[in-house]
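Have a look at the structure below, then the notes.
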Amino acid sequence: GATHSTQAMKHWRHARELLQHEPRAPDAWVDETIDMARRGPAALAAHERGQVAHVVSTVDGMKRFAAAKPIPPAEWLCVFDPQRRFAKPGTLGSYPSSGPWIDPFDWYGLDLDSIPPRIAPDDYTTQRDLPAGAWDAFSVQPRDKSALGDVHASSFRGSASAHAPFLVPRLEHLANWLGRVSEQPAAVWWAAHQVALHPLVQHCIRRSFSSHTSPASATIRRAWRYLLDSWETNDNSEMWRVFFDLKEEIAQDGWSDAAVRKYALALRPRMTVRPSIRSGPMSPEPSASNAVTDLLWLDVTYPEPTGLHIYIPDAWVVSVATALRQNLETACRLELDLNGFGLHTFASITPDSSPSLNAHSRSHGLSGAVIGFSQLFERLIAIDVEAARAELARWQRDDTLFARLRMWTVGQDSLVAANDVGGVLDTLCDDAFWNARHSRDLMLALAARWNTLALDVTQKLEARILAGPPRRPQEEDAPYRERKAESILDRLTWLSQQGCRLQVDLEHLTLALRMEAPQWRREHVESVVAYQGVRGGWIKMEDDPSALMTLPLGDSLTTASQLSGRQPDFLGERRPYAGLSEQR
């Protein structure tokens, strides 16, 4: 504390001498302070950061700070923003490569700030509150108000009424500085913590990297575009307002093409951006290794206006189904723009009667969008089957979302005639046909239609199953042969158990394929129709050793190994050897 005060007093004494003896002393002191700011806030003491804060609190100081060459780095955003100065401490990076424990106040705090209480690394509950009155470079300060004019207030009418009020001059210079440093990772990292930025600020950022000579890397430009686009499309309050307004419009005037467009727009998937979980409490260093995920956390979200259900009359089901299918196409593009993982994790369309099924998960996220569309499509089939077939013909070919929907339609006998089943299944690539996530909807649909299909269709389906799943990239020969044999046996055995008439000699085939897959068990074939989605329940540990009690000791380990393990529904686990050990 004493050393800190001594350094501060020396600096302020030097500044006072300049002001007393030189006509342009204020300019000289500001120039010295801005020159000091080029070193970055982490390299300065708290009182030195406080002097920079004093400079940028004036219109002239902020103007000179924003125009400086070379320009002070973007990391100053973390000093200007009290939310970042007083952010909760944490480790740099994320598991498993977490770095040291860092308190951002040590690097960004000001000498005028109240010193926050320390938080230990093993303290996961304590939060750090923002002190009242903490300096904020982004707020309108008392001296800024003297420059307020008509352009800084909203208009009741005219062109100005459709636009946000202008920023005060000091904040305009701050926006220009942010545009100049926007190519730095710290700038986009800081912006990801904001709900939105003023349109002028966004314009300065877009302008900075729209030029072919922009110093911003492709990664930085991509990150900014994700962020700027998300601010345009992710106003949740606007989505709710649209639904309330739409419900009132329909109550007054009924459905229309405009109502369909508004309904679909309110439910359209959106890319959302949050701060990256990888970076920790401090802004990232400029580095060629910076990836978008080091700066932002990207996700696709699906609006869920719970409690605002709007009934769709039969006459408008066709139009709404078309609009919602286009929303699913948008979902595919957004998910693929990330990594496509979300397209493989949505719930089975065909529900499960199990009490452990989580019904909430079927109405939310991508699962809710797909299942909601399938339910509306079922209504369309009942209302106008020809319109439903025309809609089905427009579905895009893929191996994820629409592939699953196609599999499900095979079970709709009023939509897909028996002589058309083979054609629908032919549109599925092998990756989709054998995808374990799709298996429930596909197998249930096949079982429902199998004995009504022509012999040549079932023979072709059996041949496709007998060919087995494709080899995975870099999968070795022995594991692939075992997985292939198990997959074939699972599907054909399950179909046989459902009463489907097979042409293949299943008993002979089973003996042959068990040479490749000796661990395969007939009782596990139900896994081919296991529900894909969220379940809940208690995991039961079954330690019953009765199957081992009468065996010779030398056989007990082998038999216990065969009987042990997690059950297909993941809600039970057998441990007979544990029970044997306890009793004997």
Side-chain angles (χ1 to χ4, degrees), residues 154 161-164 194-197 199 202 226-274 298-335 337-338 342-343 346-347 349 351 358-380 382-383 387-388 391 394 401-402 405 533-534:
S154 296
S161 64
H163 303 288
Q194 314 309 312
V195 175
L197 295 176
Q202 296 187 42
Y226 278 131
L227 188 54
L228 294 169
D229 290 349
S230 75
W231 286 335
E232 290 182 1
T233 60
N234 287 315
D235 187 341
N236 290 329
S237 62
E238 177 71 11
M239 183 272 288
W240 280 95
R241 186 186 64 78
V242 167
F243 258 86
F244 276 117
D245 291 349
L246 177 59
K247 200 165 188 176
E248 289 297 321
E249 288 177 21
I250 292 172
Q252 291 179 337
D253 302 317
W255 278 82
S256 64
D257 288 333
V260 171
R261 290 193 297 272
K262 188 177 290 187
Y263 181 79
L265 178 62
L267 291 176
R268 186 163 300 162
R270 295 162 170 82
M271 187 78 79
T272 55
V273 179
R274 291 175 290 166
L298 301 171
D299 195 14
V300 181
T301 57
Y302 299 83
E304 299 155 0
T306 306
L308 286 177
H309 176 70
I310 299 177
Y311 177 74
I312 303 166
D314 288 354
W316 289 96
V317 168
V318 174
S319 297
V320 175
T322 298
L324 295 188
R325 182 250 303 160
Q326 292 169 346
N327 277 0
L328 292 182
E329 292 170 350
T330 298
C332 287
R333 291 192 294 271
L334 292 176
E335 296 283 2
D337 197 23
L338 299 184
L343 293 174
F346 60 96
I349 297 173
N358 186 296
H360 176 83
S361 68
R362 291 180 59 82
S363 61
H364 292 72
L366 181 57
S367 296
V370 173
I371 292 170
F373 175 77
S374 71
Q375 292 169 343
L376 185 67
F377 192 70
E378 280 188 293
R379 282 188 61 194
L380 179 56
I383 295 167
E391 170 61 27
R394 297 187 188 100
L401 193 156
F402 286 97
L405 283 166
V534 178

Backbone N/O of Ala331 and side chain of Arg268: donor-acceptor pair under 3.5 Å
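Between the backbone of Ala331 and the side chain of Arg268 there is no qualifying donor-acceptor contact (under 3.5 Å).
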Donor-acceptor check, side chain of Trp231 to backbone of Val195, threshold 3.5 angstrom: yes or no?
yes
What pair of heavy atoms forms the shortest contact from [X] to [Y], and how long is it?
| X | Y | result |
| --- | --- | --- |
| Ala266 | Phe243 | CB-CE1, 2.9 Å |
| Phe346 | Ser367 | CA-OG, 3.4 Å |
| Tyr302 | Glu335 | OH-OE2, 2.8 Å |
| Gln202 | Leu197 | NE2-O, 2.7 Å |

Qualifying residue for side chain to side chain contact (heavy atoms under 4.5 Å, CB included) with Tyr263, from Leu265, Leu267, Val260:
Leu267
The single option from Leu298, Leu343, Asp299, Val300 passing side chain to side chain contact (heavy atoms under 4.5 Å, CB included) against Leu334:
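Exactly one option meets the side chain to side chain contact (heavy atoms under 4.5 Å, CB included) with Leu334, and it is Val300.
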Rounded to the nearest 0.5 Å, how far does [atom2] of [Y] lie from [atom1] of [X]?
| X | Y | atom1 | atom2 | result |
| --- | --- | --- | --- | --- |
| Lys262 | Lys247 | NZ | NZ | 15.0 Å |
| Cys332 | Asn327 | SG | CG | 11.0 Å |
| Ile250 | Ile310 | CD1 | CD1 | 5.0 Å |
| Leu380 | Asp314 | CG | CG | 10.0 Å |
| Leu338 | Met271 | CG | CE | 4.0 Å |
| Arg333 | Leu328 | CZ | CG | 10.5 Å |

Go through the steps to decide whether Ser374 and Leu405 satisfy the test side chain to side chain contact (heavy atoms under 4.5 Å, CB included), and finish with yes or no.
CA-CA 8 Å; Ser374 71; Leu405 283 166; 4.2 Å; yes
A side-chain contact here means heavy atoms from C-beta on lying under 4.5 Å apart; do Val318 and Glu391 qualify?
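No - every pair of side-chain heavy atoms lies 4.5 Å or more apart.
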Arg325 and Phe377: side chain to side chain contact (heavy atoms under 4.5 Å, CB included), yes or no, with the steps?
CA-CA 10 Å; Arg325 182 250 303 160; Phe377 192 70; over 6 Å; no
Checking side chain to side chain contact (heavy atoms under 4.5 Å, CB included) for the pair Trp316/Asp257: CA distance, chi angles, key distance, verdict?
CA-CA 9 Å; Trp316 289 96; Asp257 288 333; 3.3 Å; yes
Could you check whether Asp337 and Tyr226, counting side-chain N and O atoms only, form a donor-acceptor pair closer than 3.5 Å?
yes
